[in-house]
Amino acid sequence: MFGRILRVCEHDSFKRLSETARGITFGSSPHGEVCMAWLRIVDALKAPVGTRVTIKGWVRTRRDSKAEGGLAFIALHDGSCFDTIQIVVKGTLPNFASEVAKLTTGCAIECDGVIAQNPKGGNELQCENPSPPAGDALRVVGWVEDPDTYPIQPKPHSFEYLREQAHLRVRTNTFGAVARVRHCLAMAVHQFFHQRGFYYVHTPIITANDCEGAGQMFKVSTLDTMRPLPRVAKEAQSAEAIEHCRDLAAKANMPPWTYGQVDHTNDFFGKEAHLTVSGQLNVETYCMAMSRVYTFGPTFRAENSNTSRHLAEFWMIEPEIAFADLNDDANLAEDMLKHLFRTVLSERADDMKFFAERIEKTAVSRLEHIVEKPFLRVTYTEGIKILEGAIKGGRKFEFPVKWGTDLQSEHERFLTEEHFKQPVILTNYPKQIKAFYMRLDDNCEPDRQTVRAMDVLCPGIGEIIGGSQREERLDKLDERLVEMGLNIADYWWYRDLRRYGTVPHAGFGLGFERIIQFITGMQNIRDVIPFPRAPKQAEF
RNA sequence: UCCCCGAUAGCUCAAUGGUAGAGCGGCCGGCUGUUAACCGGCAGGUUCUAGGUUCGAGUCCUAGUCGGGGAGCCA
């Protein structure tokens, strides 16, 4: 009767249905029975014509026709792919006038029907009651209570507006596509490292190191800072007075002030604690035993940054490789980026096609272009020469170009967007503008000392990766700590790595949201993370 | 944090200091295997907040809040 039907017959288990639907095979049932399987839309769009299935999802649009005694066309999405499936509902359904005709954008429905060929090509679902009838073929699972004020309409919304509707914006095609691409990339990151023998290390989110030194940190404390602070007046500070103050504070779970400073001895960790700004220092310890490791987790920066490329909470990927130098590090970064690009092009072709059509014309073509040829590698010093040459040629920059100073955004963008027009790995920066743990280059001119650092610059985004070979020599590391005014004692366990079996090693940090931005062409970083955290922004 | 721009119907935007408008969406009707459908009608407003200038402020001034772009910090 139905030509081809599902071989499997599942009814009520969400999990079993989903698993079954993935590996479903189609063909004639030996018993001729009618089976109703819940298919995700991605599978329904590929199912053979005549297959009888159930589909569940949310209405994107509904249009009506008076033809054939009344028809309703519903575009349904369920997140399984970019495309919606069209449900064609016959006017003969008992609940057609009472329910189907009243469906609006956002309603949740499930419908039974038969896969059919759409006159314009592709699959659609003919929703009709089975014979004999066994309940309504289209069932409304959840109504939209007031269609007039439902925030997501079937029309282009501004990203700024949708940011204020972050709990609903994933129902739009853009944010659905971003969510699938984000997932695809996260899986591809793990796949890339796993295939190359890296171990995934869960570095801590809370840290009591005050030595991370990468900008402003969020404080983590259980002290009740809402209460008045017992404090000892400067002129009355005696040992007894301070002790008394500490007692009071300990009993009240308050942060006592002594000598004008918060005393954290009563705090949860007994010392000042923060949210991590990087897993690098911790993951280096695992690198010195496991050889190839990486972290992939949330990272927090309390900087008051209001830009399209910064978040207060973002996800960072930080590999660390032992017995390796800066060149190995750059190779790893290049291989990883190319793996991510290839994976997203093949696994999320539907979403990438959308980004290329509606968000950024070159979204697909530039990735295809990039994976085909090696990244350029240029030293900082060569980069400066190129910039100086451009200035001589009449190019104007707001900031001066001078060896020994950090490159400004405009300089980086000039190199990657105008001069090379492709990703560039810039290496060997002057030591005074880089972190203490980066390895000093050998054989430098005395007044032009550089470190084995690298930045990967991409058109449109700027710096997407920052990395370096680490200083593995204890004496050199200590010199750098002192030079930068850091307290050597605070770094005791990090220094131990250089005392016990030290080896050359290297690593980098990749901002996960920035790579998603680069791939999708989404201009604001707040639109590539589900619930962005930024200054004055933590509503959801 | 600094510089610039903005805030008007559910959404996107108009409106010379002088009666608050359109498109989309919603509702009603027409047409239609439609698919960002189309055609007609209806409803929908404390013009971000608080002050000020003016006979009169959506419009000008001051402050604030929020949003956007750029910069710094970085990933």
Side-chain angles (χ1 to χ4, degrees), chain A residues 60-76 83-91 101-102 104-106 116-122 124 126 144 146-165 172-173 213-216 277-280 298-318 333 358 398-399 406-410 412-413 433-435 455-458 461-467 508-518 523-529 534-537 539:
Chain A
R60 192 157 273 156
T61 60
R62 192 203 84 236
R63 297 170 295 279
D64 297 320
S65 171
K66 289 274 159 44
E68 300 176 29
L71 289 174
F73 300 96
I74 298 166
L76 203 70
D83 289 318
T84 54
I85 192 166
Q86 174 162 281
I87 315 284
V88 184
V89 188
K90 293 265 163 67
K102 290 177 181 168
T104 56
T105 304
Q117 178 83 34
N118 188 295
K120 296 207 174 158
E124 65 180 20
Q126 299 272 4
V144 165
D146 182 4
D148 198 35
T149 58
Y150 180 59
I152 307 297
Q153 296 169 3
K155 55 163 273 185
H157 288 289
S158 71
F159 293 140
E160 293 81 8
Y161 168 72
L162 290 171
R163 229 167 273 154
E164 294 167 5
Q165 309 291 340
T172 65
N173 51 20
Q216 289 289 106
V277 294
S278 164
Q280 181 199 319
T299 310
F300 307 87
R301 304 274 166 92
E303 250 105 35
N304 192 7
S305 295
N306 290 290
T307 82
S308 57
R309 333 181 279 291
H310 289 87
L311 289 166
E313 177 183 283
F314 63 100
W315 287 65
M316 190 153 65
I317 296 144
E318 295 175 288
R358 293 295 179 89
E398 189 185 342
F399 293 92
D406 212 352
L407 295 178
Q408 301 292 316
S409 282
E410 56 172 347
E412 293 180 342
R413 292 177 70 123
I433 58 172
K434 289 293 181 183
D455 283 353
V456 181
L457 310 179
C458 281
I461 309 292
E463 185 183 340
I464 206 162
I465 282 178
F508 62 79
L510 166 71
F512 189 50
E513 285 73 21
R514 287 195 182 169
I515 195 72
I516 301 173
Q517 274 190 280
F518 178 69
Q523 294 203 331
N524 197 308
I525 199 167
R526 298 171 192 197
D527 298 328
V528 296
I529 189 167
K536 306 271 160 47
Q537 195 169 49
E539 174 70 18

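In what follows, chains carry the letters A, B, and so on, assigned in the order in which the sequence lines appear, proteins first and then strands, with residues in each chain numbered from 1. Hydrogens, waters and symmetry mates are skipped; everything else that's a heavy atom, side chains included, is used. Because the structure is predicted, anything quoted here is derived from the model rather than measured.
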Practice problem: Please measure how far the C1' atom in A37(B) lies from the corresponding atom in C31(B), and state the result in whole Å. | Solution: 11 Å
Quiz item: Counting N and O atoms only, with roles assigned by atom type, does the side chain of E410(A) sit under 3.5 Å from a partner on the main chain of F399(A), one being a donor and the other an acceptor?
Solution: yes
Exercise. Please step through salt bridge (charged side-chain N to carboxylate O under 4.0 Å, His left out) for the pair R62(A) and D64(A), ending with a clear verdict.
Key: CA-CA 7 Å; R62(A) 192 203 84 236; D64(A) 297 320; 2.7 Å; yes
Quiz prompt | Mate of G44(B) where both pairing distances stay under 3.5 Å, Watson-Crick or G-U | solution = none
Quiz prompt | Pairwise C1' distance for U59(B) and G52(B), with rounding to whole Å | solution = 15 Å
Quiz item: Looking only at atom P, what distance separates G26(B) and G68(B), rounded to whole Å?
Solution: 28 Å
Quiz item: Which base sits across from U35(B) as a Watson-Crick or G-U pair, both distances under 3.5 Å?
Solution: none
Quiz item: Can you check the L457(A) CG to A75(B) P distance for me, whole Å?
Solution: 12 Å
Exercise. In whole angstrom, give the distance that lies between atom CZ of R62(A) and atom C1' of C27(B).
Key: 11 Å
Quiz item: Is there side-chain contact between Q86(A) and R63(A), with at least one heavy-atom pair below 4.5 Å?
Solution: yes
Quiz prompt | Between G26(B) (P) and K102(A) (NZ): distance, integer Å | solution = 15 Å
Quiz item: Considering only heavy atoms and no angle criterion, is a donor-acceptor pair shorter than 3.5 Å present between the side chain of S305(A) and the base of C74(B)?
Solution: no
Self-check item: Atom-pair distance (CD on Q280(A); P on C74(B)), nearest Å
Solution: 14 Å
Quiz prompt | Any-strand Watson-Crick or G-U partner of C60(B), both distances under 3.5 Å | solution = G52(B)
Practice problem: For R163(A), answer base if it contacts any base atom (sugar-phosphate contacts may also be present), sugar-phosphate if it contacts only those atoms, and nothing otherwise; contact means non-hydrogen atoms under 4.0 Å. | Solution: sugar-phosphate
Quiz item: What is the distance from CG of N524(A) to P of G70(B), rounded to the nearest Å?
Solution: 9 Å
Exercise. Give the rounded distance in Å between these two atoms: CD of E160(A) and P of C48(B).
Key: 18 Å
Exercise. Take atom P in G6(B) and the same atom in U62(B), then report the distance between them in whole Å.
Key: 13 Å
Self-check item: C2(B): pairing nucleotide in any strand, Watson-Crick or G-U under 3.5 angstrom
Solution: G70(B)
Quiz item: So what does L311(A) hit on the nucleic acid, given a heavy-atom distance under 4.0 Å: a base, only sugar-phosphate, or nothing?
Solution: base
Quiz item: With a non-hydrogen cut-off below 4.0 angstrom, is S158(A) in contact with a base, only sugar-phosphate, or nothing?
Solution: sugar-phosphate
Exercise. Measure from the side-chain N and O atoms of T307(A) to the backbone N and O of R309(A), and report whether any donor-acceptor pair falls under 3.5 Å.
Key: yes
Quiz prompt | Rounded interatomic separation in angstrom, taking CG from L510(A) and C1' from C74(B) | solution = 13 Å
Practice problem: Rounded to whole angstrom, note down the P distance from C42(B) over to G56(B). | Solution: 35 Å
Quiz item: For the side chain of F399(A), counting heavy atoms from C-beta on, which of C74(B), A71(B), G70(B) is nearest?
Solution: A71(B)
Practice problem: Indicate yes or no: at least one non-hydrogen side-chain atom of Q537(A) is less than 4.5 angstrom from one of R163(A). | Solution: yes
Practice problem: Between C39(B) and C24(B), how far apart are the P atoms? Round to whole Å, please. | Solution: 7 Å
Practice problem: Consider the side chain of Y161(A), meaning its heavy atoms from C-beta on, and name the nucleotide among G10(B), A75(B), G67(B) that approaches it most closely. | Solution: G10(B)
Quiz item: For the side chain of H157(A) and the base of C11(B), is some donor closer than 3.5 Å to an acceptor across the two?
Solution: no
Exercise. Quickly work out the I525(A) CD1 to C73(B) P distance and round it to whole Å.
Key: 17 Å
Quiz item: What are the two closest heavy atoms between R514(A) and I464(A), and how far apart are they?
Solution: O-CD1, 3.8 Å
Quiz item: Taking protein heavy atoms under 4.0 Å as touching, what does nucleotides 31-37 of chain B look like 5' to 3' if B marks base contact, S marks sugar-phosphate-only contact and - marks none?
Solution: -BBBB-S
Quiz prompt | Side-chain N,O (R413(A)) to OP1/OP2 (G70(B)) below 4.0 Å | solution = no
Quiz item: So, E513(A) side chain and W315(A) main chain: donor-acceptor pair closer than 3.5 Å or not?
Solution: yes
Quiz item: Using the P atom in both, what is the distance from A20(B) to U54(B), to the nearest Å?
Solution: 23 Å
Quiz prompt | Check: T105(A) and Y150(A) side chains under 4.5 Å, non-hydrogen atoms | solution = yes
Quiz item: Name the one of N173(A), I74(A), I152(A) that satisfies side-chain contact (heavy atoms from CB on, under 4.5 Å) with R60(A)?
Solution: N173(A)
Quiz item: What distance, rounded to whole Å, do you find between the two C1' atoms, one in C2(B) and one in C73(B)?
Solution: 13 Å
Quiz item: Just checking I465(A): base, sugar-phosphate only, or nothing, at a heavy-atom cut-off of under 4.0 Å?
Solution: sugar-phosphate
Practice problem: Measure from the side-chain heavy atoms of Q408(A) and tell me the nearest of A71(B), A75(B), U12(B). | Solution: A71(B)
Exercise. Determine: side-chain N/O of N306(A) to OP1/OP2 of A71(B), distance under 4.0 Å, yes or no.
Key: no
Quiz item: Heavy atoms under 4.0 Å, any strand shown: does Q153(A) hit a base, just sugar-phosphate, or nothing?
Solution: base
Practice problem: Tell me what T307(A) touches on the nucleic acid: a base, only sugar-phosphate, or nothing, going by heavy atoms under 4.0 Å. | Solution: base
Quiz prompt | Who pairs with U65(B) - Watson-Crick or G-U, where each distance is under 3.5 Å | solution = A7(B)
Quiz item: Any side-chain heavy atom of K434(A) within less than 4.5 Å of one from D455(A)?
Solution: yes
